[in-house]
Amino acid sequence: MMLQQTQVDRVLPKYEEWIRKYPSLGTLASARPADVARTWRPLGYNVRPRRLHWIAREVMTRYDGELPSDETTLRSFKGIGAYTAGAIQSFAFGRRAPIVDTNVARVLFRVFVGRGDRTTTSLKKHLWSLSAAVLPRQNVFDFNQALMDLGAMVCVSRRPQCPICPMRPICEAYPFEADAERNRA
DNA sequence: GTCCCGAATT
DNA sequence: AATTCCGGAC
């Protein structure tokens, strides 16, 4: 939840501090709201700590202290949307669940679509089906992680590193990116 | 200004 | 589909 629309570099130190202070959902659940809010600062989107706190309490009272692993229950919590539910399932539980965040959306769009409007609802749905389609049956954790890392480090928004990209041979957008790069030179 | 391991609300 | 929530790096 910290990573929702917030960069890894900014989350990492806060995550360490957070886990030291609240090493389990139980300790988080019994913390005071003001304390939780203060610890969160200055990550932003301050509704997130409130929702996370509430989730911790719900898990302790209604789910016997164990975070549920199924899509429907995870999505029933305020603060856990499509991406976070997929991340929890695949990263925490090793389940075969697709993810689409900003980075993955960019990678899948470039590799399999290439051009067009990226803001439409139908395209968003298409990207989710692509993410599910390319998902292997094993090593889901590593695959999803690699997909995100590719988007974060190689297939970046501005000046993507096409020359070192393993997807270049099949990438629908590569011709256009190479074109853009040529124009800079 | 754009972007970031989004989600809820309208 | 558009808006709101937030902050820091670039």
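Since the model is a prediction, treat every value here as computed from it, not as a measurement. Throughout, protein chains are lettered first and strands after them, A, B, ... in sequence-line order, and every chain is numbered starting at 1.
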Quick check for you: to the nearest 0.5 Å, what is the distance between A:Arg118 atom CZ and A:Arg106 atom CZ?
7.0 Å
Taking the side chain as every heavy atom from C-beta outward, state whether A:Tyr83 and A:Thr102 have any pair of such atoms under 4.5 Å apart.
no
Any side-chain heavy atom of A:Thr73 within less than 4.5 Å of one from A:Tyr63?
yes
If you count the non-hydrogen atoms of other residues, nucleotides and ligands that lie under 6.0 Å from NZ in A:Lys21, is the total more than 12?
yes
Roughly how far apart, to the nearest Å, are C:dT4 and B:dC5 at atom P?
24 Å
Taking any atom under 4.0 angstrom from a heavy atom of chain A, which nucleotides of DNA chain B are the first and last to qualify, 5' to 3'?
B:dC3 to B:dT9
Are the side chains of A:His53 and A:Arg50 in touch, meaning some heavy atoms are under 4.5 Å apart?
no
Pick out the pairs of N or O atoms, protein on one side and nucleotides 7-10 of chain C on the other, that lie under 3.5 Å.
unit_1: C:dG7; atom_1: N2; unit_2: A:Gln7; atom_2: OE1; d: 2.9
unit_1: C:dG7; atom_1: N3; unit_2: A:Arg10; atom_2: NH2; d: 3.0
unit_1: C:dG8; atom_1: N2; unit_2: A:Gln7; atom_2: NE2; d: 2.5

Earlier contact from the 5' end, DNA chain B, for A:Val8 and A:Ile80:
A:Val8
Scan residues 129-154 of chain A against DNA chain B and write down, sorted by residue number, each residue with any heavy atom closer than 4.0 Å; if none is found, say none.
A:Gln145, A:Met148
Could you check if a side-chain atom of A:Arg95 sits within less than 4.5 angstrom of a side-chain atom of A:Val140, using non-hydrogen atoms only?
no
Do you know which of A:Val107, A:Asp101, A:Leu108 makes side chain to side chain contact (heavy atoms under 4.5 Å, CB included) with A:Ser131?
A:Leu108
In a check of side chain to side chain contact (heavy atoms under 4.5 Å, CB included) between A:Met148 and each of A:Val8, A:Ile99, A:Val100, A:Leu3, which one passes?
A:Ile99
One should read off an interatomic distance between A:Leu52 CG and A:Arg57 CZ, to the nearest 0.5 angstrom, of 12.0 Å
Can you list, by residue number, the residues of residues 103-128 of chain A that have a non-hydrogen atom closer than 4.0 angstrom to DNA chain C?
A:Thr120, A:Thr121
According to the side-chain hydrogen bond (donor to acceptor under 3.5 Å, both in side chains) rule, which pairs have a member within residues 132-148 of chain A, sequence neighbours left out?
A:Ser90-A:Asn144
Restricting to side chain to side chain contact (heavy atoms under 4.5 Å, CB included), what partner residues turn up for A:Thr27, sequence neighbours left out?
A:Tyr22, A:Pro23, A:Ser24
With rounding to the closest Å, how many angstrom separate the P atoms on C:dG8 and B:dA7?
22 Å
Just so I know, are the side chains of A:Arg110 and A:Glu177 near enough to count as touching, which here means a heavy-atom distance under 4.5 Å?
yes
Please classify the nucleic acid contact of A:Arg48 as base, sugar-phosphate, or nothing, using heavy-atom distances under 4.0 Å.
nothing
Taking B:dT2 as the reference, what is the distance to C:dC6 when you measure between their C1' atoms (whole Å, please)?
15 Å
Can you measure from CG (A:Leu12) to CE (A:Met2) and round to the nearest 0.5 angstrom?
10.5 Å
Applying a 4.0 Å non-hydrogen cut-off, can you work out what A:Phe91 is touching in the nucleic acid: base, sugar-phosphate, or nothing?
nothing
